[in-house]
Structure formats: C-alpha cells, structure tokens
2 protein chains.
Amino acid sequence: MNDDAHGAAIRVERPAKTLRELALDKVREAIVNGYFRPGDRLVERDLCAQLGVSRTIVREVLRHLESEGLVANLPNKGPIVAQLNHDEAKQIYEIRAALEGMAARLCAEQNNPAIADALDRSLEDIKRSYREKDMAGVLAHTSSFYQTLFSMVDRHVAWGVVNLLTVRINHLRSMTIKTQNRDVQGPAQMARIVDAIRRGDGDGAYQAAMDHVTSASAIAQTVLSGRQPID
Amino acid sequence: MNDDAHGAAIRVERPAKTLRELALDKVREAIVNGYFRPGDRLVERDLCAQLGVSRTIVREVLRHLESEGLVANLPNKGPIVAQLNHDEAKQIYEIRAALEGMAARLCAEQNNPAIADALDRSLEDIKRSYREKDMAGVLAHTSSFYQTLFSMVDRHVAWGVVNLLTVRINHLRSMTIKTQNRDVQGPAQMARIVDAIRRGDGDGAYQAAMDHVTSASAIAQTVLSGRQPID
DNA sequence: TACCATAATATGGCCTACCAAAATCATCCA
DNA sequence: TGGATGATTTTGGTAGGCCATATTATGGTA
C-alpha cells in the first residue's frame, strides 16, 4: 500500500542539484585549482557571463565562498580571490594537526582492525599515485585517507572543519607533495599513523598524525618564503 | 603631505556596514537568542517584510547562515533553523576542547604574565556576572575569556572556528551555565587554566582547558537528554 | 459518506531590468 | 602642467515577474 516504500527502490536518482550549487562548485573549483589567482577580482557581471547564470546566483555564490574564506570582499570595490599569507597558512596547518591528531587517537582507541585496513588501502592508492606521478591523485587519495580517519569514528563535524580549511591551502598542498623526497617521507609518516592505530596506541597515533601535518607545514613555510621556481 | 595619514585620525568612523551585513547580524542574533526556534521555517518573503529589505539580501543572508550551519535547507521546501542533535553537539564540544586546549598550551608557553593577568580580569567579570545573576553577561565574558586566550597568541583563525561552532550551541551554553553549582565549578576550572598558564605549565593548561569544556559538554548532554522543563 | 481528481495557494529558484553611490578613468581647460 | 569635470565601470540594493513544485482546499461522484 505504501507508495513510497514501494517506489523508493526504483526511484531514479534525480540530479536535485540546484543551479546555484552547480555554480558554487564551478567557482570553488576554479579558485582551488588556480584558474582564478589570489588577488584576482571577481566581477559579478563577468562571472554571470562566464557561468551563464544570473546575478542573483553569482551573488549568492560569492557570499558563500566569502564565508568559506576563499573570497575576500573589499568594501565598495567588490570581491577578490582571498590571499593566504604566511601566518594564516601556519595557523591552518596547526588546526589540522590538532584535529587530525584527535581523530587518529579516537581511531586507535576503537581497536577495530577494519579502520587500519581501510587506511592502508588509501595509503596504497597514494603510493601508486606517487609512482605514476599523478599528483592530482595523490591529493585526492590523501584527502580520502583523512576522510576515513574522521568518518570511521563518526566525526563529520570535525571533518567539515578540516575540509573547509584545507581548500584554502590547496595550492600549498600541491606544492608540498611535489617536494623532493615527499613521495617517500609522506607515506612513511602516514604508515606510522596506521601502525599506531593498529596497535591501539592512542598517544602514538596522535603524535604521528601531528608529526605528519607539522612536517607538511614546515615544507609549506619553506615554499612560501623561498618561492622556489616550481610552476 | 600624506592626506591619508593626516586625515585618518579625525576621519569619522563611517558605519561602512552594508545592509546585507546588518541583516545578517539581525537574523543570526534572532536565531541565536531563540526568536526563531530550531525547526522554524524561514520564509524568504516573510523575512523580507520583517527586515524591510529585498529578497536578494534575504537570500544572501540565508546562504551565509547555511554555510555557518545555523540554517538548513530542505530541498524543495526551503530553509529552516537548523536543529542540533545530541551527537553533533558533542562533536562541537570535542572540537572546542581540542582547539582551546591548544590555545591554552600556547599561552602557557609564552611565559608572558600579561596573558594570565588579562585572563584573570575576564574571570573576575564572569564571577561578578554570576553574582549579579546576569546570565547574558556570563556568556559574553566567557567568550571574551576565550577570545583573549586565542588572540594573545595570535590564533585568529582558530578563534574564528571556535566562534563559528559556538554560535551553534549557544542555547546549550545558556542552559549549562544555569546548572546548579556551575557558578562555582565553572570559574574554578577556568582559574586552573589561568594558574597553569601563569606557571608556564603547557601540559597543565592544555589539560585544564580540556577538562573545562569536557565538563560543559557532559552537562549539555544531560540537559539534552533530560530536557528539564526550563522553557 | 468516503474518496479521488482538480484547482488554488504558497513558496523556492531563477531571471531581467533598473537606480544610486562610489571608484576609476579620460578629458579638457586655465 | 595640474587640477576640475565628466564618462564609465562596478557594487549595493530594489522591484517585480516567471516557472515548477508542494501543500491545501474544494468539489463532484460513486
């Protein structure tokens, strides 16, 4: 009798995404992977034309990105792509260290072998991407490693925070992973996290996760100040 | 010669706030202090009338609050005031514990007496507000205690995160501080943080800050499950 | 009376067009 | 040459309209 229960199984998955959400993703993408550079002005009407949507949508999208910290608004001059300074980047890495350390500890305390196994799979993906010089893959699989870390202990709020902060340092991330030796050191540090989790060693997992982010932060600082010509 | 440097001193402080920002603050306020209740629908056209602004503004405001987590958007039904469940509240307290613990540790490691002094002043304000049964004051001064904790070590990004999360549990906060004995226990726990900072005891400050938030979280959980008839 | 089809109504999503104020750029004149 | 003046660009904000969907009356029929 229940139409819902009956139809749910075969119901086609509607796109359901509104135009605004589509536009939001597009612009965020464009900023994150550098199509728009830090400091670039984001002129509303230009964006309208480029996205093929109305000003209403563009304004809402810009507001949203502003609250995400990807866009900054100069009064009476309009929105620009936010510029990340040295110090803010450091703070973001520091927060990630605290939260990822926390998640790692919680994972270790679960004593559930499935967690370490899932993390190991992500880790394998990362190593493979490094071997194949697929840097986009490295980033994606690293994200999914951390997502696993948080979602295995049902910490989606903290994952949301980490994710929000991470997009703001995305260009730094893509530079750090290209650094000399990072293809060996990075995975090794992550393996230490997984080992500690597998041993049920909360403190060890916490420390290992902190160390990993901290070393990424150090590299990022070098990149930011040195500005080595990687392009 | 420099007109800017010259004029800056006497330049009238223009409100500079755009209508949108004003509206944003109003609606956020209205949600935070319960004028709009969790689950209430936020009908765009009604808000236009109540705020006296156009739909464009209202929509931008709703988007912004959505990304802050204060408003949820039901597909094909529109925005409502976000409802905070048990588990999410717990996660928020947990994140605050991690970040406030971090800030407390950093403060302790600065070995700067001015920090402990400033915190002590906030603490006095809190106690006074408790004595005067000024609960709004307790909340405000507690916030400023933590703001000091973060700003003294220049961690405005982390402070932003904590702030963002805190508004979502504001009603819980106002309930926990009214709990029996909280007027004694709360300040005592905060005093332990300040003491540790004054001693330069990083680990102690970290632990004390964690303890304080953790106990607030425990009270909040009780309130949430017990649902004592406060109205 | 019970029930179903249909029509209103309410509302979100999206669009166009317009205006005012500020910033920026170009121009022209003393 | 230096500044006043005017044109252009762009944001901030408004008004109103169109369409699709969801809810709610409404009314007619078995």
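We name chains A, B, ... by the order of the sequence lines, and we start the count at 1 in each one.
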Nearest-Å distance for atom pair NE2/P, residues A:His64 and C:dG13: 14 Å

Can you measure B:Glu60 atom CD to C:dG12 atom C1' for me and round it to whole angstrom units? 16 Å

In sequence, state the C-alpha distance, the side-chain angles, and the governing distance for A:Glu94 and B:Met102, and then conclude on side-chain contact (heavy atoms from CB on, under 4.5 Å). CA-CA 9 Å; A:Glu94 187 180 56; B:Met102 175 190 90; 3.7 Å; yes

B:Gln91 (side chain) donor-acceptor with A:Asp154 (main chain) under 3.5 angstrom: yes

To the nearest angstrom, how far is A:Glu44 atom CD from C:dA17 atom P? 17 Å

Please pick, from C:dC14, C:dT11, D:dT14, the nucleotide with the shortest atom-to-atom distance to any side-chain atom of A:Thr18. C:dC14

How many whole angstroms separate atom CZ of B:Arg45 from atom C1' of D:dA15? 12 Å

Taking any heavy-atom pair under 4.0 Å as a contact, classify A:Leu42: base, sugar-phosphate, or nothing. sugar-phosphate

Nearest heavy atom decides the nucleotide; on that basis, is B:Lys77 or A:Arg41 closer to the 5' end of DNA chain D? A:Arg41

Does a side-chain N or O from A:Thr56 land closer than 4.0 Å to OP1 or OP2 of C:dG13, or not? no

Return the value, rounded to whole Å, for the distance between atom CG of B:Leu74 and atom P of C:dT11. 14 Å

Would you mind telling me which of D:dG12, D:dG13, C:dC15 lies closest to the side-chain atoms of A:Arg63? D:dG12

Expressed as a whole number of angstroms, how long is the span from B:Lys17:NZ to D:dG12:P? 15 Å

Any B:Asn76 side-chain nitrogen or oxygen under 4.0 Å from OP1 or OP2 of D:dA22: yes

Would you kindly give the CG-to-C1' distance between A:Leu24 and C:dG13, to the nearest whole Å? 15 Å

Can a salt bridge be assigned to the pair B:Arg121 and B:Glu124 using a cut-off of 4.0 Å between side-chain N and carboxylate O? no

With A:Arg173, which of A:Thr142, A:Ile219, A:Val138 fulfils side-chain contact (heavy atoms from CB on, under 4.5 Å)? A:Thr142

B:Arg59 vs D:dG13: side-chain N/O to OP1/OP2 distance below 4.0 Å: no

In terms of ring plane angle, is the pair B:His212 and B:Tyr146 parallel, tilted or perpendicular, where the classes change at 30° and 60°? parallel

Checking only heavy atoms, does the side chain of A:Arg55 share a donor-acceptor pair with the base of D:dG13 at less than 3.5 Å? yes

Does B:Arg20 make a side-chain donor-acceptor contact with the base of D:dG13, cut-off 3.5 Å? no

C:dA10 C1' sits how many Å from B:Leu47 CG, rounded? 15 Å

A:Val43, nearest nucleotide to its side chain (from D:dT14, C:dC15, D:dT10): D:dT10

